[in-house]
Peer 1: 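After the structure tokens below, expect a handful of questions from me.
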Number of protein chains: 2
Amino acid sequence: MAFTYAYPHPAVATDIAVFTLRRGALNVLLIERAGEPFKGAWALPGGFLQPDEELDACARRELQEETSVEAEVLVHFGNFSAPGRDPRERVISVAYLALLASDELRLQADTDAAQAQWFALDALPELAFDHAMILKHALAALGARAREIQPLFALLPPRFTLSQLQGAYEAVIGEEAEKRNFRKMVATLACVRETEDFVHGAHRPARLYEPA
Amino acid sequence: MAFTYAYPHPAVATDIAVFTLRRGALNVLLIERAGEPFKGAWALPGGFLQPDEELDACARRELQEETSVEAEVLVHFGNFSAPGRDPRERVISVAYLALLASDELRLQADTDAAQAQWFALDALPELAFDHAMILKHALAALGARAREIQPLFALLPPRFTLSQLQGAYEAVIGEEAEKRNFRKMVATLACVRETEDFVHGAHRPARLYEPA
DNA sequence: ACGACTTAGTGTCGTCAATACACAAAGATG
DNA sequence: CATCTTTGTGTATTGACGACACTAAGTCGT
């Protein structure tokens, strides 16, 4: 089957930088490429736009197919269009940022992806294509959004302690926050509602909160 | 000449919402479509991505070709990919926002395409395609950026008075600002440098400032 | 020339958010 | 039951933001 056009058309693909929290640190989901080019290298999940498919839907579908991950938050943060960025043909990459709660880490690879794996940001492998640059932009976009707190909920379970929320905030922002000031900020934003339940750990129980 | 691919490829185009200030109000640049579809309707300037052309360059080129306008600031703010948005074929629109100083309003009346014209936002004609929605998103993106003041410089001449800057701010934000508070904010941001020159108008001369 | 007009430009106060800082409360563990 | 660790709170200071009224400087009309 062949598709013919009067003018050259680029291929259009989505690439997704999926982040989660593991042991308090931000991790990104990468797949090992099963085919050429860059066979065996690590890359962001992603793939080609299908006919009559919206870009958002493409990102969601590719993520599901390649890693069996259902993203809660999916945000477009940029396009990458350098002519030589894919050696096969011209590919415009529409880049998305996704956040995932840490307890939904069931990973599973399919044929496009030999395997999917989480990587801490300070232990990244070499990345295929221009994905290192895409990832850098994803982190910047994520940092810019995190100050509104709301996006962080996607990194946490449905109910969470304020310490967990602060941990997510610190991991994304990349710096530490004062506990009392952070709690005051959250209170000012009025973006969480306290529940009547507590989580009992090794020490004083912590109250659970949920998104307001 | 024909271009054939093993899988369907969408067309990729850029559309640009160019804003400027005219008589203190924000205006947007529209072109009258010379051909089908939507012949005779008004639309955002834009056009198809060429082989080996970056998206940013495509937006800049199309703007120049269709309206003879050289954009100072060009910012990507979203993609539009609804399958039916162009009746001819699948077209992914990569949308840009541009700002132009008001004294560079030489529009070419005799371009090959129909005419280009500025429209105040409260006197818009019906727009072709989904350009009304794209424009709505452009305004939202512009409003979000304007609070940092810096982007507004592109709407003004190289040197400007604080009243002009405030006028641009108000036009973009869509609400009035207190003169003293605005000046204090600008002073805090330290984003302008005062010059030794004054502009002499009908009344007390105003000091000229330039981007810091 | 001079008074009226119009725009440029400034100071203060109250409020509220952001920063820094120290201690009490609650439960787990040995 | 003493100790340890984590949760959770109050206060003082600073700096930004909002509201508010007046002086400064030059033009224009008479």
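Every chain is numbered from 1 and lettered A, B, ... according to where its sequence line falls, protein lines coming before strand lines. Values below: all heavy atoms of this structure, side chains included; hydrogens, waters and symmetry mates excluded.
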Peer 1: Would you call the rings of A/His131 and A/Phe129 parallel, tilted or perpendicular, taking 30° and 60° as the class edges?
Peer 2: tilted
Peer 1: Could you state the NE2-C1' distance from A/His203 to D/dG8, rounded to the nearest angstrom?
Peer 2: 15 Å
Peer 1: Taking C-beta and beyond as the side chain, do A/Thr20 and A/Trp118 meet within less than 4.5 Å on heavy atoms?
Peer 2: yes
Peer 1: Look at the side chain of B/Arg180 and the base of C/dA8, then say whether one donor and one acceptor between them are separated by less than 3.5 Å.
Peer 2: no
Peer 1: Does a nitrogen or oxygen in the side chain of B/Ser163 sit under 4.0 Å from OP1 or OP2 of C/dA8?
Peer 2: yes
Peer 1: How many whole angstroms separate atom CZ of B/Arg204 from atom C1' of C/dA8?
Peer 2: 5 Å
Peer 1: Starting from P on C/dA8, measure out to OH on B/Tyr209 and report it in whole angstrom.
Peer 2: 12 Å
Peer 1: Report the residue (A/Gly201 or A/Met185) whose heavy-atom-nearest nucleotide on DNA chain C is the more 5′ of the two.
Peer 2: A/Met185
Peer 1: Ignoring hydrogens and angles, answer whether the base of C/dT12 and the side-chain atoms of B/Lys184 contain a donor-acceptor pair closer than 3.5 Å.
Peer 2: yes
Peer 1: Which class fits the ring pair B/Phe153 and B/Phe160: parallel under 30°, tilted 30 to 60°, perpendicular over 60°?
Peer 2: parallel
Peer 1: Is any side-chain N or O of A/Asn181 under 3.5 Å from a base N or O of C/dA20, one able to act as donor and the other as acceptor?
Peer 2: yes
Peer 1: Sequence neighbours excluded, which residues qualify as side chain to side chain contact (heavy atoms under 4.5 Å, CB included) partners of A/Ala11?
Peer 2: A/Phe48, A/Glu89, A/Val91, B/His9
Peer 1: CG/A/Leu55 to CD1/B/Ile92 distance, rounded to the nearest 0.5 angstrom?
Peer 2: 5.0 Å
Peer 1: Output the rounded distance in Å from NZ (B/Lys179) to C1' (C/dT7).
Peer 2: 7 Å
Peer 1: In this structure, how many angstroms lie between the P atom of D/dT6 and the CZ atom of A/Phe182, rounded?
Peer 2: 18 Å
Peer 1: Quick one: A/Glu178 CD to D/dA12 P, roughly how many Å, whole number?
Peer 2: 18 Å
Peer 1: For B/Asp197 and D/dG26, give me the distance from atom CG to atom P, rounded to whole Å.
Peer 2: 14 Å
Peer 1: Within less than 4.0 Å of OP1 or OP2 of C/dG9, is there a side-chain N or O belonging to B/Arg183?
Peer 2: yes
Peer 1: Expressed in angstrom and rounded to an integer, what is the separation of A/His200 atom NE2 from D/dG8 atom C1'?
Peer 2: 15 Å
